[in-house]
Amino acid sequence: MKDVERGEIICLNCGWVVVDHVMDQGPEWRAFNEEQRLRRARAGSPLSPLKPNKGLSTMIDWRNKDVSGKFLSPEKRPQLSRLRRLNKIISVSEPSEKNYMIAFAEIERIVAQLGLPRAIAEEAAILYRKAAKKRLIKGRSIESMAAACIYAACRMHKIPRGLDEISGSARADRREIGRSYRLLAKEVILKVPPSKATDYVPRLINTLRLSAEVEQLAIRIIREAYSLRLTSGRMPKGLAAAAVYLAAILMNQKRTQREIASNANVTEVTVRNRFKELMEKLQFIVVV
DNA sequence: AAGACGAAAGTGGTTGA
DNA sequence: TCAACAACTTTCGTCTT
């Protein structure tokens, strides 16, 4: 019922673009997505924010020249190569760097498992650095903070994932992640726009294979609902699900409540309740 | 037979003392 | 820190298509 894994395509750079392509795919799109996702997820060299030292640590040039460009004397070369080797070891064995390595490995693991875009991993890594700088990880597990960073990064990039979706793939329990996230939100992230209902729409439209018109309409419905104060205290994803349901009906592309509910990670009942409210308050839209 | 609907009891998260 | 509370879920029976 709460199936977490779902082939889904997101542009690995910006988080959005590829979605459009998916709309045109035939029945095979799911497999195509998965395949492409895996292929892309493993491609390319690791990007800088995910390296413990951001790629900015001291490097000793491999050319045996000194500052003035003259070649070094033969006696000095072995010494230099020893230095190089030592420098390499030291640069990752400093305690804080080791911490980063564990954290970043965890971040990459979760991101890969959930099929999230690379930008998320980078954002999460940046957040993790900031958290570490403020000593927020003291007394907390690295894993929970890493997961919290991913959760935050997802929200910042408008790719909403539930806390439970992430905790499902994390090596820390939901409660701990929640705590870490709160701390993170308070101390590091200055402004996190609370996730809006419209953020959930593209993903739903996608997995349900609905058309772009439905998406537009659903978003319009949500805007209306928002301006009518129908949204306070309600789960954004619940509202999103109901709006998509309504939009699909209006566009003659009806999906069952069950389909929508399971894809939005809410229950049918919630979809129904939101749907009912929408019908009560938004009648004038239907008339038009 | 499957989807939609709603009531009742249960659950987790927020709020206020 | 604890209890009250609202929103949401689960479960299940009934109605509609």
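Lettering of chains follows the sequences in order, A, B, ..., and the numbering in each one begins at 1. For the numbers below, each heavy atom of this structure counts, side chains included, while hydrogens, waters and symmetry mates do not.
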* To do: For Lys237(A), answer base if it contacts any base atom (sugar-phosphate contacts may also be present), sugar-phosphate if it contacts only those atoms, and nothing otherwise; contact means non-hydrogen atoms under 4.0 Å.
  => nothing
* To do: Round to a whole Å and report the spacing from CD1 of Ile177(A) to P of dG12(B).
  => 16 Å
* Asked: What is the distance from CD of Glu176(A) to P of dG12(B), rounded to the nearest Å?
  -> 16 Å
* Asked: Shortest non-hydrogen contact from Ala241(A) to Leu204(A)?
  -> CA-CD1, 3.9 Å
* Starting from the C-alpha separation in whole Å, work towards a yes-or-no answer on side chain to side chain donor-acceptor pair (under 3.5 Å) for Asn99(A) and Tyr128(A). => CA-CA 10 Å; Asn99(A) 186 320; Tyr128(A) 190 89; 2.8 Å; yes
* To do: Starting from P on dG3(B), measure out to CZ on Phe275(A) and report it in whole angstrom.
  => 16 Å
* Asked: Separation of Tyr181(A) atom OH from dG13(B) atom C1', in whole Å?
  -> 15 Å
* Asked: Gln257(A) CD to dC15(C) C1': how many Å, rounded?
  -> 14 Å
* **Base-pairing assignment for dA6(C) (Watson-Crick or G-U wobble, both under 3.5 Å)** => none
* CD1 of Ile249(A) versus P of dT17(C): gap in Å, rounded? -> 13 Å
* Within the pair Arg274(A) and dC8(C), is there a side-chain N or O less than 4.0 Å away from OP1 or OP2? -> yes
* Asked: Are OP1 or OP2 of dT14(B) and a side-chain N or O of Arg182(A) less than 4.0 angstrom apart?
  -> yes
* To do: Tell me, with the steps shown, if Ser141(A) and Glu176(A) meet side chain to side chain donor-acceptor pair (under 3.5 Å).
  => CA-CA 8 Å; Ser141(A) 79; Glu176(A) 282 302 312; 5.6 Å; no
* **Length of the line joining Arg175(A):CZ and dT11(B):P, which is rounded to integer Å** => 16 Å
* If you pin Lys276(A) and Arg258(A) to their nearest nucleotides in DNA chain B, which one's is more 5'? -> Arg258(A)
* To do: Give a yes/no on whether any side-chain N or O of Arg272(A) is located under 4.0 angstrom from OP1 or OP2 of dA4(B).
  => no
* Rounded off to whole Å, could you give me the CG-to-P distance for the Asn273(A) and dT10(C) pair? => 14 Å
* Ion pair check, Glu268(A) and Arg272(A), cut-off under 4.0 Å -> yes
* Asked: Looking at Tyr245(A), is Arg255(A) sitting on its ring face, NZ or CZ under 6.0 Å from the six-membered ring centre and within 45 degrees of the normal?
  -> no
